[in-house]
Amino acid sequence: MQYWLMKSEPSVYGIDDLVRDGVTGWEGVRNYQARNFMRDEMKAGDLALFYHSNANPPGVAGVMRVVREAYPDDTAEQTSSPYYDTKTMRAGKSNPWVRVDLELVEKFAREVSLAELREDARLEGLMVTRKGSRLSIQPVEKKHFLHICRLGKSRFLSCAGFPKLCLLL
DNA sequence: GCCAACGTTGGC
DNA sequence: GCCAACGTTGGC
């Protein structure tokens, strides 16, 4: 079981979109390091923080769970998609991109801003607080994950020892 | 809108 | 394989 942080711009797809959809395919990742995390390490049941990038303010908005492991991201092959990979397709190469499916676990009662993450001594070493951290999918230490849930007034965390109650969320 | 950080590309 | 040019990310 691993923990992750995944970035999305709320103007493109934010936590409220996931509240509406329930489950979503994490498409459009076009960075090899981020792809490798999805392809090689993300397992069903892993938990991920939903991070709002390019937002006011940027920060963690909630928690998701991996429900389907890596499979081809065919938006790379669709000319109509904003994520169409012109270069790869024109070169006639096979589609190298994958996505995973994630379901909403919860939207935090309060969003935890990047500034707050930076100020918190208990989150030292958290990748997203490093200046210039551009990786859109990052592994997160369990202790950091749990602390961020606490800062977000997570209901999921408060009942984590009571799996039956958690099913109600 | 600016710009620092950093990934990618392509000439050599 | 080096590295300059270029493109993108994302905070501010």
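We name chains A, B, ... by the order of the sequence lines, and we start the count at 1 in each one.
Rounded to an integer number of Å, the gap from CD of A:Gln33 to P of B:dA5 is 18 Å. Between the P atom of B:dT8 and the NZ atom of A:Lys93 lies a distance of 13 Å, rounded to the nearest Å. If you take CD of A:Gln138 and C1' of B:dC6, they are 14 Å apart, rounded to a whole angstrom. In this entry the distance linking CZ of A:Arg35 with P of B:dT8 reads 10 Å, nearest Å. What separates NZ of A:Lys87 from P of C:dG7 is a distance of 10 Å, to the nearest Å.
By the neighbour-count criterion of 12 heavy atoms within 6.0 Å, atom NZ of A:Lys43 is densely surrounded, having more than that number from other residues, nucleotides or ligands. Heavy atoms of other residues, nucleotides or ligands lying less than 6.0 angstrom from CG of A:Asp40 number more than 12.
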Which pairs, protein N/O on one side and nucleotides 10-12 of chain C N/O on the other, fall under 3.5 Å?
residue : atom : partner  : partner atom : Å
C:dG10  : OP1  : A:Lys7   : NZ           : 2.9
C:dG10  : OP1  : A:Arg134 : O            : 2.9
C:dG11  : OP1  : A:Tyr51  : OH           : 2.7
C:dG11  : OP2  : A:Asn54  : N            : 2.9
C:dC12  : OP1  : A:Arg118 : NH1          : 2.9

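Among residues two or more places apart in sequence or in another chain, the side-chain hydrogen bond (donor to acceptor under 3.5 Å, both in side chains) test is passed with A:Glu69 by none. For A:Asp85, the side-chain hydrogen bond (donor to acceptor under 3.5 Å, both in side chains) partners two or more places apart in sequence, or in a different chain, are A:Thr88, A:Trp97. Among residues two or more places apart in sequence or in another chain, the side-chain contact (heavy atoms from CB on, under 4.5 Å) test is passed with A:Lys153 by A:Ala109, A:Arg110.
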List, one per line, each side-chain donor-acceptor pair under 3.5 Å for residues 118-125 of chain A, sequence neighbours excluded.
residue  : atom : partner  : partner atom : Å
A:Arg118 : NE   : A:Thr129 : O            : 3.1
A:Asp120 : OD1  : A:Arg122 : N            : 2.9
A:Asp120 : OD1  : A:His147 : NE2          : 3.4
A:Asp120 : OD2  : A:His147 : NE2          : 2.8

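Here the side chain of A:His52 pairs a donor or acceptor atom with the backbone of A:Ile15 at under 3.5 angstrom.
Close to B:dA5, at under 4.0 Å from its OP1 or OP2, lies a side-chain N or O of A:Lys131.
Using bins of under 30°, 30° to 60° and over 60° for the plane-to-plane angle, the ring pair A:Tyr3/A:Phe145 lands in the tilted bin.
Contacts of A:Arg130 with the nucleic acid, taken as non-hydrogen atoms under 4.0 Å apart, involve only primed sugar atoms and P, OP1 or OP2.
An end-to-end axis angle of 10° holds for the helix from B:dG1-C:dC12 to B:dC12-C:dG1, taken from five base pairs per end and rounded to 10°.
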